[in-house]
Every structure is written in structure tokens, then in C-alpha cells.
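Shown next, in C-alpha cells, is the structure this report addresses.
The chains referred to below are lettered A, B, ... by the order of the sequence lines, with proteins before strands, and numbering in each begins at 1. Computed over heavy atoms, backbone and side chain alike; hydrogens, waters and symmetry mates excluded.
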2 protein chains.
Amino acid sequence: MSEVSMPMMPPALRKPLAAASLLALLAGCQATPNAELRGTGDLGVVVERATGSLAVVDTSHQRILERVEGLGDLSHASVKFSRDARYAFVFGRDGGLSRVDLLTGEITHRVMQSGNSIGGAISQDGSLVAVANYEPGGVKIFDSETLEEVAEIPATYRDENGQAQRSKVVGLVDAPGNRFVYSLFEAGEIHMVDMSEGAPEVTRFSDIGEAPYDALIGPSGRYYIAGLFGEDGLALLDLWHPEAGVQRILPDYGRGEERLPVYKMPHLEGWAMAGDEAWLPAVGRHEVLVADSDDWSLVERIAVHGQPIFVMTRPDERQVWVNFAHPDNSVVQVIDTESREVVATLEPGEAVLHMEFTPRGEQVWISARDSDRVVVYDTRTLEEVARLDSESPSGIFFTDRAHRIGL
Amino acid sequence: MSEVSMPMMPPALRKPLAAASLLALLAGCQATPNAELRGTGDLGVVVERATGSLAVVDTSHQRILERVEGLGDLSHASVKFSRDARYAFVFGRDGGLSRVDLLTGEITHRVMQSGNSIGGAISQDGSLVAVANYEPGGVKIFDSETLEEVAEIPATYRDENGQAQRSKVVGLVDAPGNRFVYSLFEAGEIHMVDMSEGAPEVTRFSDIGEAPYDALIGPSGRYYIAGLFGEDGLALLDLWHPEAGVQRILPDYGRGEERLPVYKMPHLEGWAMAGDEAWLPAVGRHEVLVADSDDWSLVERIAVHGQPIFVMTRPDERQVWVNFAHPDNSVVQVIDTESREVVATLEPGEAVLHMEFTPRGEQVWISARDSDRVVVYDTRTLEEVARLDSESPSGIFFTDRAHRIGL
């Protein structure tokens with residue numbers, strides 16, 4: 001493990017001070033754009049996978065403030081925020097965990113914490129950052145201020161021959177009570193780690209289904225739902241009643257008996273809730289599914305443009321926005337949640353990978369990787385508001401996630 | 001109208017610079033606590049009504065960072081935040097509207113915009129601040145960066161003699177689409193102002209019930225509900241279907257035929273939702289009411305310690321916290337939303353006025369006015385975590401409200 005810890009001195013102070021830069025420094029402590037005194041509630045980041053960089057963005061003025069480089073392999077990278085909304089924790093595919101100061105643009109800490117990882121989570125109280133690892137399979141937990149390792153929890157299980165094995169970890173989320181929940185791909189298990197008393201306390205749920213590949217937790221942090229690659233249906237754990245174990249819901253959810261060609265398994269990050277309904281991307285089918293969140297019965301299948309990847313609700317729950325797998329990935333569709341009809345089909349660019357709503361939903365930012373741009377729409381008029389240059393943009397994350405359970 | 005606009009220079013630069021303070025200034029631009037480069041996601045304010053001051057607080061370390069004075073009459077004052085979570089807009093009872101920089105502790109702008117006002121709202125896009133006025137009755141809308149007046153909308157109606165009158169405005173909230181919604185106390189009307197095209201466009205709903213005294217909007221910004229002082233029941237406007245007009249819901253909600261002594265009408269700010277249920281303070285009775293938010297039928301009455309004032313859900317929806325009117329106002333009760341039983345009775349101090357959860361709900365801050373303190377509890381263990389000295393604290397507001405519809 002290598003760790004780079006940089007001093008917190010403002011960048012202007014590391015260089016010899018010329019009179020001009022001293023004056024500039026005094027003029028409001030804004031010698032460089034990196035050290036601007038500003039609120040962090042309208043900041044966010046765009047992951048630029050080709051260049052291993054983050055673009056720090058300002059959602060009030062739809063602009064890129066600066067770029068942070070040197071973050072390693074950012075394919076499938078995801079980001080969480082500190083509870084003060086100043087620092088971004090970047091989970092790289094290469095096992096790198098970086099802590100980026102959005103105000104100065106500096107990487108304050110960076111740890112190569114595994115060989116291959118797939119995302120992370122921040123604890124309810126903001127003190128801990130957990131990372132899900134493929135290789136070696138398990139979860140590592142770090143102090144969010146220093147990135148010092150607090151705990152390592154190998155994802156062990158016994159295979160059919162009784163041999164101890166380690167499993168890849170997927171679908172890691174935070175849950176109320178300083179808990180983390182995640183799934184073990186090869187083991188077919190869900191584990192819950194309680195960090196509320198300091199030392200990790202692990203509860204295991206076995207035989208939850210074959211090959212969980214991703215998971216989500218609802219906005220209240222009660223329901224943890226894992227998608228299964230190896231069979232149909234979804235595995236549900238009610239965190240208010242862990243003693244009840246894991247149930248299977250939506251038994252038809254999945255690839256079905258026809259074994260449709262699936263270009264990309266849909267993402268389960270976040271949760272599209274509208275009233276009592278959960279909106280889900282169908283697997284392999286050109287459909288968005290609506291389920292009743294009381295009894296998890298299927299309410300409706302809505303025909304859409306392609307195989308859906310992300311299904312996301314505008315914060316006021318009146319619209320659901322959907323992007324699609326290759327070869328239909330230059331399109332985004334907007335569904336009215338009341339009429340359940342597609343009301344708009346937009347073309348932001350080639351290879352749309354992610355969408356992020358501004359906190360109160362007046363705009364949405366969409367990354368079009370192969371067009372090297374991020375497009376911002378007004379969600380009421382559905383008109384384009386801004387277009388930003390970005391090299392191979394993928395995930396977009398805004399700081400209000402710091403304040404939401406499971407995000 | 002008087003307006004005071006202060007330059008944005010850091011406080012340290014307004015004084016002669018001694019060598020020591022120059023060095024201090026260079027040491028990370030932190031010459032004074034007022035100019036600290038920091039994230040604003042864990043900030044908040046406590047309204048100190050007796051001294052007309054705000055305590056700026058840090059929820060990560062449970063401490064008061066500084067005090068901002070000179071804000072006028074802060075009885076019943078409320079606060080909204082700019083979308084970058086840097087500025088607090090303080091709505092004073094004396095008609096003063098102040099914009100406070102949480103990072104520097106300065107009042108950047110202050111306007112005496114009416115003789116008597118009762119709260120305000122910030123538009124979905126953050127560009128507009130609206131204030132509800134008693135005297136003269138109406139709404140004024142200001143640019144959120146300059147506090148320049150953008151629009152004045154008198155709350156006019158015709159009385160039973162056909163005479164034009166102005167009404168007090170109450171229950172002002174923001175709604176999606178850069179709209180504001182509010183109620184007219186004497187007129188018995190709800191008005192909706194659409195600011196999405198620049199000039200205000202007002203839609204009026206009359207005969208909504210006698211003497212609306214307060215209102216709330218749900219977390220998705222769909223349902224606007226006004227409480228009625230003059231009769232029983234609540235007035236509901238579905239903003240997805242304004243053409244359907246205002247309906248009456250919960251017909252028994254109110255003081256009832258017995259005309260119970262009511263020590264204080266409950267507050268309807270915010271909305272306690274848990275699953276599909278809305279939790280409401282009963283009027284005059286020692287009860288918290290649970291209603292089904294699908295059909296607004298009454299599901300249950302839960303006996304509590306006194307006449308409830310605020311009924312607030314912990315962000316994970318597992319607990320509801322309740323405070324009470326005089327003479328039962330030294331107590332806070334915690335209800336488990338699943339069992340619907342009171343699970344704890346806490347005594348934070350004398351005259352508990354307000355409660356505010358940290359964004360992900362691990363702690364709650366409670367103001368005890370007559371004990372001159374704010375008490376912070378761990379919501380899982382229900383143990384006291386911190387106790388802060390504050391003179392006559394009332395409302396507590398954290399910056400994550402910047403990102404929530406209706407807050």
C-alpha cells in the first residue's frame with residue numbers, strides 16, 4: 001500500500017512569492033482559482049475516464065471550474081462526498097482511493113488499497129469510507145480524514161467443497177446506524193457490517209441467489225436490493241428486519257427463459273421512486289418496469305427506445321429519465337410518471353453514460369462519452385441550457401449526495 | 001426601504017495589517033475564523049431571538065463557529081439557504097430580510113422590506129427569494145444575489161361588501177417550476193405565482209376555507225396543504241392538477257366542536273412522511289395523527305405527552321420526534337414509526353422550540369429557549385452528545401435544506 005499525504009497549504013504558498021502574487025493572495029485569498037472562498041453546495045464532479053481526471057463543476061453557472069489529474073484508471077469510477085461537501089472520494093477501478101479537495105483542486109490523500117475495486121460508500125456520520133474490492137475480494141474501511149485503514153474485512157465463504165474462498169464484492173452502500181451493506185458475487189451472499197461500536201460486526205445472509213452483480217438501497221435506507229446475474233428475480237433485505245432474512249421479489253425480473261442478448265446489465269445505483277412506485281430498468285428488454293413498493297408486484301411495463309441502463313427520477317418525481325445500452329446509447333427518453341408515457345426523446349450525443357439532476361431538479365446534466373461533452377437540460381422546457389467540453393465523460397456526481405442516505 | 005450593501009472584502013483587510021496578522025493571513029487564508037476556506041455542507045444556523053443574532057454552527061464537530069448580530073427582531077424568524085449553501089436568508093418578524101455569509105459572518109445585504117413579515121422561500125433555481133408579509137399584506141420577490149426587488153404582489157381580495165382589501169400572507173413555500181405558493185389569512189385563498197417566465201403570473205384559488213394560518217408542501221413539491229384556524233379540516237392543492245382546485249381533506253382535523261383550549265396552533269412546516277403515511281400534530285389534543293397519503297384517511301391517533309407543535313421524521317423514516325406546547329414544552333418524545341409507540345421521552349431543557357436532524361439523521365439538534373442551550377442527541381442511542389450555550393435559541397436550520405424542495 002502506498003500513501004501520498006500532501007500538506008494542506010494553499011498552492012500559491014508553495015511557490016516563491018512575488019509581490020504581485022502576494023497582493024493577489026491578499027485580494028480576498030483568491031490568488032489562484034484553486035483557493036476561492038466559496039460555498040460547496042453547488043459543486044460537483046464529472047469523471048473523465050480517458051484522461052484519469054475529474055472536472056470540478058459549478059451547477060449554478062453550468063461551468064467547469066478546474067481539472068484534477070493523476071487519479072489513475074477511472075473506468076467505472078464512482079464518487080462519494082464528505083459530509084461538509086468539500087472533499088470528493090474517488091474510487092478508481094485500479095484500486096486507487098483518492099481524496100480530492102474541491103476548493104483547491106488538490107489530491108489531499110491517495111491510497112492504492114487493492115488491485116481492482118468497484119466503488120465505495122461513506123458512513124452515515126461521515127467518519128468512514130468503505131471500498132468494495134474485486135481483487136483481493138473484500139471490503140476495506142478507511143478514516144475519511146486521513147485515509148488510514150481502520151478495518152479490512154475479507155469476503156470469505158466456503159465453496160461446495162468446503163474450501164475457504166474469497167469473493168468479489170459488489171453493490172456496497174451505506175445504511176443508517178453507520179452500517180455498510182454489500183453483496184458477494186461468487187458466494188451469493190449479502191453481508192452487513194455494523195461500525196457503530198468501532199470494531200466491525202459482520203452479519204451474513206447466505207443463499208440469496210446466484211451471482212449478485214449490483215445492488216441499491218432506497219432513499220430511506222431501509223430496503224437493500226441486489227440484482228442477480230445468475231437467475232431471475234431480485235434479492236431484498238429489509239434492514240428494519242434483518243432477522244427475517246433475504247426474500248426474493250419480482251420473480252420475473254431478469255433475462256428470462258428466452259435468454260435474451262443482454263448488451264449491458266442495467267445499473268441499480270440509486271432508486272427511482274415516484275410515490276409508492278419503484279421504477280426499474282428491465283434486463284435485456286426494451287422496457288422500463290414499474291413495481292408497487294408495498295408488495296413488490298409488477299404494475300406496468302413501459303416500452304422504451306432500447307435496453308435501459310439508468311432509470312432516474314427527477315427529484316419532484318414527475319419525470320423519469322432513461323438512458324440505454326449500445327447500440328441505442330445516443331438517446332435519452334423522458335417518461336411522465338403520472339401518464340406513464342414517453343414524453344420526449346432527446347439526443348445529447350454519442351454514448352450517453354450517466355445523468356445527474358441538480359438537487360431540486362430544475363436541470364439535468366448528461367455525459368455523452370463519444371461526443372466528448374456534457375449537456376445540461378432544463379427539465380421543464382426540455383431545452384438545452386449549456387454544453388461543456390469534457391474528454392470521455394462518464395459519471396457525474398453533485399455534492400448534495402453528501403446529505404442523502406445511500407448516495 | 002433601506003438597503004445596506006457591504007463590500008465583500010475579508011474582514012482582516014479592513015484593519016491595518018500588522019506583520020503578525022499578515023503572516024496569519026498567509027497561513028492558509030485563515031487570519032480570522034471569518035475567512036476560513038471550508039466546505040459549507042455541514043454548516044447551519046441557530047436563531048437567537050432575544051439578541052437578534054444567529055449562531056453559525058458546524059454539525060461535524062457540534063460547535064458554534066461564530067455569531068452574527070444586527071439582524072433585528074428574530075421572534076418567529078425563519079431561514080433559507082442559497083443553492084451554493086454559502087448564504088443564509090433570514091426573514092425577521094420586523095420585515096427585515098438579511099443575507100448572511102456563513103463563511104465570513106458578514107451581513108452582505110439587508111433590506112427592510114415591509115412592516116411585519118412571517119417567513120419566506122427560495123426559488124427552485126436559487127435565483128429568487130420571496131417574503132410573505134403581514135403588513136402590508138402581500139409577497140415581495142427579490143434577486144437572491146443583490147436583494148434588489150424583482151416583483152411586488154399585493155395579496156388583494158374583495159370582502160363581502162365588494163371592497164378591495166389586502167390580506168396577511170402565510171404558509172409561503174417554493175414549488176417546482178420556479179413557483180411560489182402561499183395562503184391569504186383573511187381572504188381564505190391560496191395563490192400560486194409562477195416566476196418561470198420572468199414576470200409573475202398569479203393563479204388564485206378562492207373559498208379554500210376560513211382563515212388559513214400556516215401551510216406545508218410535501219418533499220416532492222406536489223401537495224400544498226394549508227391548516228385552517230377558522231374551521232376544521234385541511235385545504236389541499238395538488239400542484240400536478242391545479243385545474244382540479246382545492247379539496248378539503250381530513251375533515252375532523254382541527255379544534256372540533258368541543259373547542260378545546262389550544263395553547264398554540266401546531267406548525268405545519270416540513271412534512272413528516274414515513275412510507276405512505278403523513279404524520280401530523282393534532283390541534284389542541286394530546287395526539288399525533290397518522291394519515292394515509294393516498295386517500296388522506298385517518299389511520300391512527302397516537303397518545304402523546306402534550307399538545308404537539310412540531311412532528312418531524314428522522315431522515316430514514318424510522319422515528320418521529322415531537323415537541324409540545326406550553327406547559328408541556330420541556331419534553332420531546334420519540335415515536336417508532338413501525339410500532340407507532342412512544343419509545344422515549346427526553347428532557348432537553350425548558351421551552352423546547354425546534355428540532356433539526358443532521359442531513360442523514362444520525363443526530364438531532366434541539367433548542368431549549370428558557371434553558372439557553374442547544375442539546376444534540378445521537379438518534380440511535382438517544383444519548384446526549386453535546387450541549388451548546390445559546391441565548392434564547394429558537395429555530396435551527398442546516399444548509400442541506402438548500403437542496404430540498406419546500407425547505
Side-chain angles (χ1 to χ4, degrees), chain A residues 8-10 13 17 22 25-29 35-43 58-60 81-87 102-104 124-126 174-178 196 220-222 240 274-276 293-294 314-318 338 358-363 380 399-400 402-405, chain B residues 8-10 13 17 22 25-29 35-43 58-60 81-87 102-104 124-126 174-178 196 220-222 240 274-276 293-294 314-318 338 358-363 380 399-400 402-405:
Chain A
M8 300 286 287
M9 198 183 279
L13 293 181
L17 281 171
L22 177 61
L25 182 67
L26 290 171
C29 294
E36 192 187 356
L37 194 68
R38 59 163 298 149
T40 54
D42 58 351
L43 296 182
D58 161 359
T59 65
S60 294
F81 295 98
S82 60
R83 83 186 291 291
D84 63 359
R86 175 173 181 171
Y87 300 98
L102 301 177
L103 290 173
T104 65
Q124 183 184 32
D125 70 359
D174 65 275
N178 261 25
S196 62
S220 68
R222 174 171 181 176
W240 290 12
D276 315 336
S293 68
D294 284 332
R314 195 173 69 173
D316 72 344
E317 302 181 358
R318 183 61 194 264
E338 189 173 49
T358 53
R360 296 208 273 166
E362 73 279 13
Q363 295 180 346
R380 186 177 60 83
T399 53
D400 66 296
H403 313 306
R404 320 256 183 200
I405 294 167
Chain B
M8 300 286 288
M9 199 182 280
L13 294 181
L17 281 172
L22 177 61
L25 182 65
L26 290 172
C29 294
E36 193 187 354
L37 194 68
R38 59 165 295 149
T40 54
D42 58 350
L43 296 182
D58 162 358
T59 65
S60 293
F81 295 98
S82 60
R83 84 185 292 290
D84 64 359
R86 174 172 182 173
Y87 300 99
L102 301 177
L103 289 172
T104 66
Q124 183 184 32
D125 70 359
D174 65 275
N178 261 25
S196 62
S220 69
R222 175 171 180 176
W240 289 12
D276 315 335
S293 68
D294 284 331
R314 196 173 68 173
D316 72 343
E317 302 181 356
R318 184 60 194 265
E338 190 173 48
T358 53
R360 297 208 272 166
E362 74 278 14
Q363 293 179 349
R380 185 178 60 84
T399 55
D400 66 297
H403 313 305
R404 319 256 184 201
I405 295 167

Here the pair of heavy atoms bringing Trp240(A) nearest to Glu317(B) is CH2-O, 3.6 Å
Which atoms of Asp294(B) are under 4.5 Å from chain A, going by heavy atoms: the side chain, the backbone, both sets, or neither? side chain
If the condition is side-chain contact (heavy atoms from CB on, under 4.5 Å), which residues does Pro176(A) pass it with, not counting sequence neighbours? Gln124(A), Ile405(A), Asp316(B)
Give the member of Pro315(B), Ser196(B), Ala175(B), Gly361(B) that has the highest number of heavy-atom pairs under 4.5 Å with chain A. Ser196(B)
Could you go through Arg360(B) and Asp400(B), starting from their C-alpha distance and side-chain angles, then the distance that decides it, and tell me whether this counts as side-chain contact (heavy atoms from CB on, under 4.5 Å)? CA-CA 10 Å; Arg360(B) 297 208 272 166; Asp400(B) 66 297; over 6 Å; no
Salt bridge (charged side-chain N to carboxylate O under 4.0 Å, His left out) partners of Glu362(A), counting only residues at least two apart: Arg83(B)
Mind running side-chain contact (heavy atoms from CB on, under 4.5 Å) on Leu103(B) and Thr40(B) for me, showing each step along the way? CA-CA 8 Å; Leu103(B) 289 172; Thr40(B) 54; 3.8 Å; yes
In terms of heavy-atom proximity below 4.5 Å to chain A, should Thr399(B) be classed as side chain, backbone, both, or neither? neither
So which part of Arg318(B) gets closer than 4.5 Å to some heavy atom of chain A, the side chain, the backbone, both or neither? both
Among the listed options Ser60(B), Ser220(B), Ala85(B), Gly177(B), the residue most often paired with chain A at heavy-atom distances under 4.5 Å: Ser220(B)
Counting only non-hydrogen atoms closer than 4.5 Å, does Asp174(A) touch chain B with its backbone (N, CA, C, O), its side chain (CB onward), both, or neither? side chain
Shorter than 4.5 Å, heavy atoms on both sides: which option in Gln363(A), Arg314(A), Arg38(A) has the most such pairs with chain B? Arg38(A)
With respect to chain A, which residue among Thr358(B), Asn178(B), Thr59(B) yields the maximal number of heavy-atom pairs within a distance under 4.5 Å? Thr59(B)
Which bit of Arg404(B) is near chain A, if near means a heavy-atom gap under 4.5 Å: side chain, backbone, both or neither? both
Interface check, chain B: of Asp276(A), Asp125(A), Leu43(A), most non-hydrogen pairs under 4.5 Å belong to Asp276(A)
Contacting region of Ser82(A) [heavy-atom separation from chain B under 4.5 Å]: neither
